[in-house]
Amino acid sequence: MSRAAVSHYPTSWRRPPQIITGRRWRIGIQLGILAYLILAGSSVEVDWQRVMEGLERGQRFAMGFLQPDFASRWGDISRGLIESLTMTLTSTVIGVLISVPIGIGAARNLAPRSVYLVCRAIIAVSRALQEIIIAIFFVAMFGFGPFAGFLTLSLATIGFLAKLLADDIEEIEPGQADAIRATGASWWQLINYAIQPQVMPRLIGLSLYRLDINFRESAVIGIVGAGGIGGTLNTAIDRYEYDSAGAILLVIIAIVMVAEYASGYVRKFVQ
Amino acid sequence: MSQSSNQKAIWRHRTSRQRLMLWFGWLGLVALFVWCWQLMNRETMWFFVLDAPRQAADIGGRMWPPRWEYLPELLIPLWDTINIATIGTIGGVLMAVPIAFLAARNTTPSTRFLRPVALFIIVTSRSINALIWALLLVAIIGPGILAGMVAIALRSIGFVGKLLYEAIEETDPLQVEAVAATGAGRAQVLNYGIVPQIMPAFWGISVFRWDINIRESTILGLVGAGGIGLKLQGSLNTLAWGQVSVILLLILGTVVVSEWISARMRHAII
């Protein structure tokens, strides 16, 4: 081997682009993104003086987060917390109870076509709108308080759980359902012995996950008057009581962390 | 005789002790539910609840027909909303990438100190809703689009970070070993061994989060963080229900379009 042949080998290597291989397309899209960023950035108006004033407030908030004040507003915090927790549990239970039949109805392999379309429409409606917007309407209809929040979260649970459950039922092992059908089982027996055992662990897992989501949402819908700790948080921030706000946020984070560990534990036990 | 006793034996999934515990578990759940229901509804005024169908019919009557003349006024707020979602997503992803590398067990420099810190950042960002972030940021940097963008960015860190670090932990170690065997440095191992493996997941997660952020940014205006929610708040406060229905239809349309775009892009990438 001569040295000249060796020197022809490239000594450096560039990774080829992975998403868009055409060079012209790539540059065009990059330019487009750049133009968008400039255009979007120019529509942001920043009042720097306001930001400077705010930074001091931000510092106070950070201090409040580090030295939270649980004591002076504990009455309000505990009331909001109880409202949030009761709302979370009741809405998850009711939401799951309603979403099971809707989920079965929305599974293409179990339900007749008309039922399937109706159930999928219910799911689409409940998923399309934000919880906050639903909460605004329920507060207008049912008055302030946790009952409106309970209805909001139940509705949101139906959209989430029924969709995932229906998708799950559509993906089950068909052999087991065929085996049960071959014994001459009725529709109810088919659900009970072929479908339910297959989807039950996932249903429980999803319910626990939704419990977690509902708690986090319950901390928000209070801002529009639907009960729960969000209202307390809103008041605390409006009054510039950042130490109480910090305490509330820490409580929320702690409960979410506990819920995450607990749901992992329960899921392991059930399966 | 032994045969008949064999036939009596019925196969059961759980022992009787486990079944008893399960029954008590369910019973406890029902009791807890009843107790929570009573606690929650102690102050509910059932008169208002019974009145709700009439209220709903009333609001529905006011919302129809939508006031379409209002639509041109909504285009700039809609543009702002899309900007909040897009730039917020970009900012969130930029912050989430280093945190994800710190949180993944196979790339973190120290499992003892940096990993728990990164996980705490992820949990914090995930447990606080975008609306609460916006509430805080409006108090700190004032009302406007900037507060919305930062709120969306801070909220996205947790979601993107969590999914990305799980993707990093699931990468194939053989490819990393192969790169390391060529004598590559730490940065080169990351760049040539891990990054190409997580690239599709990264784009998929980012587009998915952008889709979610479009939804979330439509309501940030309720607390003063700019966008179409500001118009919604204004219309609700003046009880202009005809305008509310136009805004809701526009939001619905935007959400459907963004969902379609994100589905197409994810399909193209993965």
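Per chain, numbering begins at 1; letters A, B, ... match sequence-line order. Side chains are part of it too, since the values below use all heavy atoms of this structure and drop only hydrogens, waters and symmetry mates.
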Legend entry - Contact winner vs chain A - B/Leu136, B/Ile76, B/Leu232, heavy-atom pairs under 4.5 Å: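 Counting heavy-atom pairs under 4.5 Å, the top option is B/Leu136.
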Legend entry - Option in B/Val138, B/Leu146, B/Ile219 with maximal non-hydrogen atom pairs under 4.5 Å from chain A: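 Option with the top pair count is B/Ile219.
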Inset, instruction - Pull out the residues in residues 224-236 of chain A that come under 4.5 Å of chain B, heavy atom to heavy atom, sorted by number. - result: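 Only A/Val224, A/Leu233, A/Asn234 of residues 224-236 of chain A have a heavy atom under 4.5 Å from chain B.
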Inset, instruction - Could you list which of residues 76-86 of chain A have a heavy atom closer than 4.5 Å to any heavy atom of chain B, in residue-number order? - result: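 The residues closer than 4.5 Å to chain B, in numerical order, are A/Ile82, A/Thr86.
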Counting only non-hydrogen atoms closer than 4.5 Å, does [X] touch chain A with its backbone (N, CA, C, O), its side chain (CB onward), both, or neither?
X        : result
B/Ile90  : side chain
B/Leu135 : both
B/Leu137 : neither
B/Asp58  : neither
B/Val244 : side chain

Legend entry - chain B contacts, top residue of A/Leu55, A/Leu89, A/Leu37 (heavy-atom pairs, under 4.5 Å):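 When all of A/Leu55, A/Leu89, A/Leu37 are compared, A/Leu89 has the most.
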Inset, instruction - Using a cut-off of under 4.5 Å on heavy-atom pairs, state which of A/Glu217, A/Met52, A/Gln130 scores highest against chain B. - result: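 Result: the option with the highest number of such pairs is A/Gln130.
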Could you look at [X] and say if it's the side chain, the backbone, both or neither that has a heavy atom under 4.5 Å from chain B?
X        : answer
A/Ile223 : side chain
A/Ile136 : side chain
A/Tyr242 : side chain

Legend entry - Per-residue contacts, residues 27-36 of chain B versus chain A, heavy atoms under 4.5 Å: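 Near chain A, by residue number: B/Leu32, B/Phe33, B/Cys36.
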Legend entry - Close contacts, residues 123-133 of chain B versus chain A, judged by heavy atoms under 4.5 Å: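 Under the 4.5 Å heavy-atom cut-off, B/Val123, B/Thr124, B/Arg126, B/Ser127, B/Ile128, B/Asn129, B/Leu131, B/Ile132 qualify.
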Inset, instruction - Specify whether A/Phe147 and B/Trp37 have parallel, tilted or perpendicular ring planes, treating 30° as the upper limit for parallel and 60° as the lower limit for perpendicular. - result: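 It falls in the perpendicular class, over 60°.
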Legend entry - Residues, nucleotides or ligands: over 12 heavy atoms within 6.0 Å of B/Arg264 CZ: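 Open: at most 12 neighbouring heavy atoms sit under 6.0 Å from CZ of B/Arg264.
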Legend entry - B/Glu166 atom CD, over 12 foreign heavy atoms within 6.0 Å: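 Enclosed: over 12 neighbouring heavy atoms sit under 6.0 Å from CD of B/Glu166.
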Legend entry - Spacing of A/Thr90 atom OG1 and B/Gln38 atom CD [to the nearest 0.5 Å]: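 Nearest 0.5 Å value for the OG1-CD distance: 12.0 Å.
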Legend entry - Interatomic spacing from CD1 in B/Ile140 to CD in A/Glu56 - rounded to 0.5 Å: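 Reported value, rounded in 0.5 Å steps: 11.0 Å.
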Inset, instruction - With the side chain counted from C-beta on, respond yes when B/Thr86 and A/Tyr36 share a heavy-atom pair under 4.5 Å apart, and no when they do not. - result: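 Side chain of B/Thr86 against side chain of A/Tyr36, heavy atoms only: contact under 4.5 Å found.
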Legend entry - Minimum-distance pair of heavy atoms, taken over all atoms of B/Ile87 and A/Gly41: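 Closest approach of B/Ile87 to A/Gly41: CD1-N, 4.3 Å.
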Inset, instruction - Identify the two heavy atoms, one from A/Met87 and one from B/Met40, that lie closest to each other, and give their separation to 0.1 Å. - result: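 Residues A/Met87 and B/Met40, closest heavy atoms: CA-SD, 3.8 Å.
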